[in-house]
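Here's the structure we're looking at; comments come further down.
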Amino acid sequence: MALAGVEANGIQIDVQYLDGAIADVGARIQRLEGQFRDHAYWTEWKKLYGTNANLGSREQLGKLLFSHMGLANERTTASGKLAVDAVALEQCQHPFARNYIKLENLKKLQSTYLLGVRREVAPSGLLHVFYNLHRTLTYRSSSEAPNFQNIPIRDPEMAKWIRRAFVPRCNRQLLELDFKGIEVGVAACYNLDPQLISYVKDKSTDMHRDTAAELFMLPETAIPKNVRQAVKGSFVFAQFYGDWYVACTKSLWADIEKLGLKTADGVCLYEHLARHGVRERGECRDSTTATGGTFEAHVKSVEKKFWKKRFKVYDRWREQFYSDYLKNGGFATHTGFYITGLYGRNNVTNYPIQGSAFHCLLWCLIRLGRQLRQRRMQSLIVGQIHDSMVLDVVPAELDEVVGMVQEIVRSLLKEWRWIIVPLEIEMELAPVGGSWFDKKEFKI
DNA sequence: AAACAGTGCGCG
DNA sequence: AAAGCGCGCACTGTTT
């Protein structure tokens with residue numbers, strides 16, 4: 001019922017802007033495609049495929065680059081074919097391949113997002129997306145027509161093109177509220193690992209910083225922001241979701257180059273590691289290839305310490321939870337669901353965390369929506385993204401809305417006793433009349 | 001023409 | 001023993 005309310009509210013779209021953006025991006029795509037058709041490679045491409053040559057076919061591009069031209073590519077897909085994705089094309093280090101990625105990005109922006117939103121906007125100018133609660137294995141939600149939960153944000157350029165179209169109603173502003181680190185917090189509520197709990201509770205500590213110090217042999221007091229960020233994504237979260245050191249080694253090693261990671265003194269991390277006796281990545285083929293002096297061997301030892309020392313209770317919980325599932329044929333979540341069926345180890349230990357984290361948000365969303373109506377306020381909930389909600393607020397109601405949310409979170413902690421860590425709400429606010437792209441951190 | 005499988009990529 | 005989790009959408013190429 002609550003999500004149906006959000007669907008009915010709808011989010012305002014700046015249709016005039018959107019139509020302009022569609023025209024602009026369309027022209028860019030045309031221009032780029034024209035450049036491709038002037039390139040010598042396109043002539044080769046046509047020799048291979050004749051009238052069937054299709055610039056949009058990655059299969060054809062793969063044949064051209066990796067079979068015909070003989071460029072290297074060791075990446076394969078699930079079914080064993082050569083992968084022709086952004087990583088493989090990046091590795092070609094060739095302008096034709098690089099520009100192809102750019103073109104594909106623009107086409108993704110145009111077809112999935114700009115046109116995807118345009119197609120669904122109602123004549124009123126409101127976009128009523130759908131939220132499902134019956135389609136996920138984890139008891140999260142999903143969103144469709146269009147999917148409101150995967151609108152670009154990480155690439156600022158793509159984010160600007162599409163998020164500019166999402167605007168507040170007249171004389172209002174967009175407010176986004178999200179739970180900070182909710183999945184880590186909820187994980188701690190399942191595994192009760194004292195070290196993890198203390199990391200979550202004590203703001204002076206930072207597990208990403210500490211792990212970064214170990215992985216890159218740096219002092220904990222001198223971890224650059226982008227190094228911490230890379231370790232958070234490529235190691236800590238990956239490990240929590242069930243990744244292993246071989247894959248983590250590859251992505252961390254690639255991050256150094258891709259993100260230009262350096263020590264606080266400006267020394268490239270390859271050079272820094274070499275000074276500490278780690279001169280190469282390692283073969284990274286399987287569990288037998290980690291030989292001494294390689295980054296692979298080092299990451300392996302950090303992983304061991306990570307699970308056997310730092311988060312040993314979390315480690316034991318994963319084992320226990322999975323073996324209980326094997327015995328019982330199912331597992332319960334803290335939010336009252338019992339999940340049965342055939343799943344692997346990573347699924348079983350991740351589903352309850354992912355689902356329950358969403359239920360914290362849903363619990364709050366239900367109450368906020370109800371209270372806004374009861375108080376006859378004009379502010380509306382207009383969207384939801386797993387651990388966040390987007391509101392279209394009347395400026396005069398802003399303080400009251402924020403107060404209501406904080407009170408609701410307090411009552412959540414009282415009601416659900418299994419939540420044994422603090423829950424923090426982060427807010428982002430756009431100016432009155434500003435778009436979703438214009439949101440900025442907002443503190444009271 | 002519709003359905004399906006496979007691939008790739010956007011988000012949390 | 002397995003080897004990050006969850007989604008929706010667009011597009012290509014093939015089958016029905």
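Convention: sequence-line order gives letters A, B, ...; per-chain numbering from 1.
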Review point. Among C/dC5, B/dC9, B/dG6, which nucleotide sits nearest the side chain of A/N350?
Key: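 Taking heavy atoms from C-beta onward, the closest nucleotide is C/dC5.
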Exercise for review: Identify which nucleotide among C/dC5, B/dT7, C/dA3 has an atom closest to any side-chain atom of A/W244, counting heavy atoms from C-beta outward.
Suggested key: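 The answer is C/dA3.
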Practice item. Nearest whole angstrom, please: distance from the C1' of B/dG12 to the NZ of A/K180. Key: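 From A/K180 NZ to B/dG12 C1': 17 Å.
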Ion pair check, [X] and [Y], cut-off under 4.0 Å:
X      : Y      : result
A/K160 : A/E157 : no
A/R98  : A/E90  : yes
A/R310 : A/E214 : yes

Check your understanding: Got a sec? Which of residues 317-342 of chain A come in under 4.0 Å of DNA chain B, heavy atoms?
Key -> none
Check your understanding: A/H208 pairs by ring-ring contact (aromatic ring centres under 6.0 Å, His included) with which of A/F235, A/F306, A/F237?
Key -> A/F237
Exercise for review: Could you point out which residue of A/F130, A/Y113, A/W436 forms a ring-ring contact (aromatic ring centres under 6.0 Å, His included) with A/F148?
Suggested key: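 Answer after filtering A/F130, A/Y113, A/W436: A/W436.
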**Study point:** B/dG12 base / A/R140 side chain donor-acceptor hit below 3.5 Å
**Key:**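 Indeed there is one.
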Review point. Reckon A/I153 touches a base, only the sugar-phosphate, or nothing at all at heavy-atom distances under 4.0 Å?
Key: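 The answer is sugar-phosphate, as A/I153 gets under 4.0 Å only of primed atoms, P, OP1 or OP2.
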**Study point:** A/A53 to A/W42 - nearest heavy-atom pair and separation
**Key:** CB-CH2, 3.9 Å
Exercise for review: For nucleotides 7-16 of chain C, just jot down a letter per nucleotide in 5' to 3' order: B, S or -, based on protein non-hydrogen atoms under 4.0 Å.
Suggested key: SBSSSSS---
